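Each remark here refers to the structure printed beneath this line.
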Amino acid sequence: MSGTDARQRLPLATGRGIVTVLAVLPLVLAGFVIGYGVGTGDGRFGDAVREAWEGGEGTVDHRPLAASFTATSVAGRAPDAPAVLPVGYSDDLGIAVAHLQFAVDETTVRPSHTAELRLPVAVPPDSEAMTVEVASVYPVSCLCSLTADTAPPYGTVWDAVEVNAGTTEIVFDVTGAINAPGRYGFAVTSPDRKAYLELEGAEYNTGPALRTVSEPDAPTGPVPPTAPPTDAPPPADPATVPPSASPSDTPPVAPAPTDPPPSGSPSPTGSPSPASPAPTGPPAVPADPAGSPNPTTDPSAVPGLPASEPTEPLPESGQSEDQLSVCSTGDKLIPTCGALVGVAPAAHTSRVKEDELLAFEERVQHTQQIYHAYERGDARLFPTDAQIALTEDPEKPRTLFINWKPRMASWAEIAAGDEETDAYLDRLAAHITENFDKPFFFTVHHEPENDVIQREGSGMEAADYAAMFRYVVERLRAHGVDNLVSVMNYMGYLKWVEKPWHDQLYPGDDVVDWIGLSGYGQSLHDDGRSDFGEIVDQTKGDTAWPGFYHWIAREHPDKPMMLAEWGVFHQDEYPDHQTAVFEAARYQMAHYPRLKAIVYFETPSDSNGGRNSEIHLDEGALEAFRNLMRSPFFAVRLQQ
């Protein structure tokens with residue numbers, strides 16, 4: 001029985017609470033003022049937006065236009081107005097994700113603002129700590145189209161918190177998400193595969209709220225004159241004022257204070273929440289220096305809710321509208337939403353890898369946007385002509401992931417400026433700048449844990465690796481390779497994360513663009529029962545290691561995550577193992593909004609016992625992989 005066929009029909013009982021679909025009016029999804037039209041590209045923050053953002057002040061709690069949820073074990077559309085919003089995993093619902101939509105217009109939010117998503121908890125988790133995250137998603141026009149199978153792919157993850165049995169309210173900082181008038185969609189998720197909670201629904205205008213705190217617009221007119229103090233010196237003779245001085249050089253006027261959020265509001269841990277932090281997302285739109293008049297608003301409008309129905313349809317606006325309606329790659333090849341897919345084809349064979357990539361794509365019926373290639377030492381320069389050719393098909397956009405393992409010197413010697421390595425890097429930089437200008441992924445000596453010799457003077461200590469990685473990336477960039485997107489590729493074996501030197505491997509945020517992980521679908525006890533979640537976020541017993549996904553969320557929250565290698569080995573004693581993991585992956589992607597790329601490692605014989613990870617040995621496994629590729633999570637357009 002397939003995963004879809006096995007799903008239940010709208011169960012009402014959840015793990016510890018009751019999800020009741022109330023017989024109340026559906027929340028309004030249309031008919032709200034979204035401000036003035038917002039363009040795209042360079043004209044996005046034009047005069048119309050500045051004009052639209054003028055007005056509004058203080059603190060406003062925006063109530064949701066829609067508040068619902070999807071669940072992977074439920075076959076059916078999202079309910080209109082559930083009393084509670086489940087998040088996490090339960091036996092009845094599977095993986096539940098809460099979806100919220102808000103309208104932000106010019107009457108409530110100014111360019112200089114902070115924003116918090118405040119979610120009262122109806123049923124807290126019964127675990128000691130549950131991680132909950134919030135990501136932007138495209139706001140669907142109707143809940144009738146929102147199901148677990150069709151839910152919009154995740155965009156940027158803005159915040160993560162830990163909650164426990166004493167949590168009464170979750171507060172997320174989503175300041176960076178709100179950058180223009182419009183509709184905004186958010187998905188509230190959890191990577192914890194054995195934890196569950198319920199948030200309050202939006203019945204009777206209570207429950208979730210998007211709280212914005214706006215700062216007054218800066219004065220645009222001249223500062224009125226004031227009488228000087230009696231002991232002030234006489235005005236300077238204009239003839240003596242230096243040419244660099246301006247008549248308007250007057251002391252700045254302090255802006256009027258705004259109403260802060262209520263003090264003592266409970267934070268995710270139950271203590272009073274701190275003051276809202278300064279915006280960390282895209283730059284706010286400055287007020288129109290010409291002092292454009294405020295747009296007309298409905299005086300009867302309730303703050304935080306739509307003012308009135310527009311007389312004619314207006315263009316979509318807001319980050320969630322114009323960046324998330326179609327998933328595509330942006331800076332550093334990070335998708336605006338969804339995740340890239342790729343493959344290292346015919347690994348550990350002498351076959352022509354570029355031909356094998358095309359054969360793999362034909363089998364899985366999906367373009368692999370990332371071609372993972374392995375280069376060693378200084379035998380040749382890369383990318384090769386054949387590798388470059390794969391990136392030049394406009395109908396099937398692809399990029400490269402070059403994995404280079406230097407063999408000319410130790411890590412410490414390379415970091416100190418090894419002459420032979422420097423000469424090769426300089427030739428490599430010249431080759432890349434002359435022949436390849438598209439952005440590409442690049443890592444140095446992937447999975448270094450296995451080669452660490454943590455002995456003073458070995459030249460192969462963990463800190464030596466970090467210094468070497470930094471040296472290589474900085475030297476290539478200094479020689480013009482500005483299209484390099486660096487990946488720190490860790491090994492997925494848990495024995496290494498317990499080593500005291502593990503944290504010393506990280507080269508630094510300024511030279512690492514993505515964090516990658518190698519993980520394989522074979523559980524620690526070889527029982528054939530591991531799933532996709534175990535690959536992404538494996539833990540071990542009662543150790544302190546939280547899992548790689550949790551670790552990245554905690555230690556490197558601004559870095560996208562990649563499965564730089566992943567695979568599932570065919571095992572005769574567990575013939576359905578591959579099928580089970582591929583089917584699980586399709587739904588367990590709902591747990592992991594930070595996971596922005598997965599690259600399959602396909603080999604007929606790996607380097608550890610000759611295991612086979614090819615996907616076409618079993619027809620069921622092949623069809624399950626094809627279904628995985630059809631997931632909306634992977635509908636991303638690679639922009640080059």
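We number each residue from 1, following the sequence as shown. In this text, all values refer to a predicted model and were calculated from it rather than measured experimentally.
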*How far apart are the closest heavy atoms of Ile535 and Gly567, and which atoms are they?*
CD1-O, 4.3 Å
*Without hydrogens or angle criteria, can the side chains of Asp531 and Gln588 be said to hold a donor-acceptor pair below 3.5 Å?*
yes
*Any pair counted as salt bridge (charged side-chain N to carboxylate O under 4.0 Å, His left out), so long as it reaches residues 327-336, sequence neighbours left out*: Lys332-Asp513
*asked:* Can you pull out every salt bridge (charged side-chain N to carboxylate O under 4.0 Å, His left out) where at least one residue sits in residues 549-572? Sequence neighbours excluded, please.
replied: Glu162-Arg554
_Just to verify, what does Asp606 make a salt bridge (Lys or Arg N to Asp or Glu O under 4.0 Å) with, not counting sequence neighbours?_
Arg611
*Who are the salt bridge (Lys or Arg N to Asp or Glu O under 4.0 Å) partners of Glu375, not counting sequence neighbours?*
Arg380
*Taking only residues two or more places apart in sequence or in another chain, which ones pass ring pair (Phe, Tyr, Trp, His ring centres under 6.0 Å) with His446?*
Tyr374
*asked:* The criterion is ring pair (Phe, Tyr, Trp, His ring centres under 6.0 Å); which residues satisfy it with Tyr371, sequence neighbours excluded?
replied: none
_Using the ring pair (Phe, Tyr, Trp, His ring centres under 6.0 Å) criterion, which residues pair with His550? Sequence neighbours excluded._
none
*Report yes or no: do Trp514 and Ser486 form a side-chain donor-acceptor pair below 3.5 Å?*
no
*Can you pull the salt bridge (charged side-chain N to carboxylate O under 4.0 Å, His left out) pairs that have at least one residue in residues 629-640, sequence neighbours excluded?*
Glu623-Arg630
_Partner residues of Phe442 under the ring pair (Phe, Tyr, Trp, His ring centres under 6.0 Å) criterion, sequence neighbours left out_ = none
_Lys499 and Glu449 ion-paired at < 4.0 Å_ = no
*Could I get the full list of salt bridge (Lys or Arg N to Asp or Glu O under 4.0 Å) partners for Glu447, not counting sequence neighbours?*
none
*asked:* Do the side chains of Arg398 and Glu361 get close enough for a salt bridge, i.e. N-O under 4.0 angstrom?
replied: yes
_Show every disulfide (SG to SG under 2.5 Å) that has at least one partner inside residues 324-371, sequence neighbours left out._
Cys327-Cys337
*Report the residues that fulfil salt bridge (Lys or Arg N to Asp or Glu O under 4.0 Å) with Glu200, sequence neighbours left out, ordered by chain and then residue number.*
none
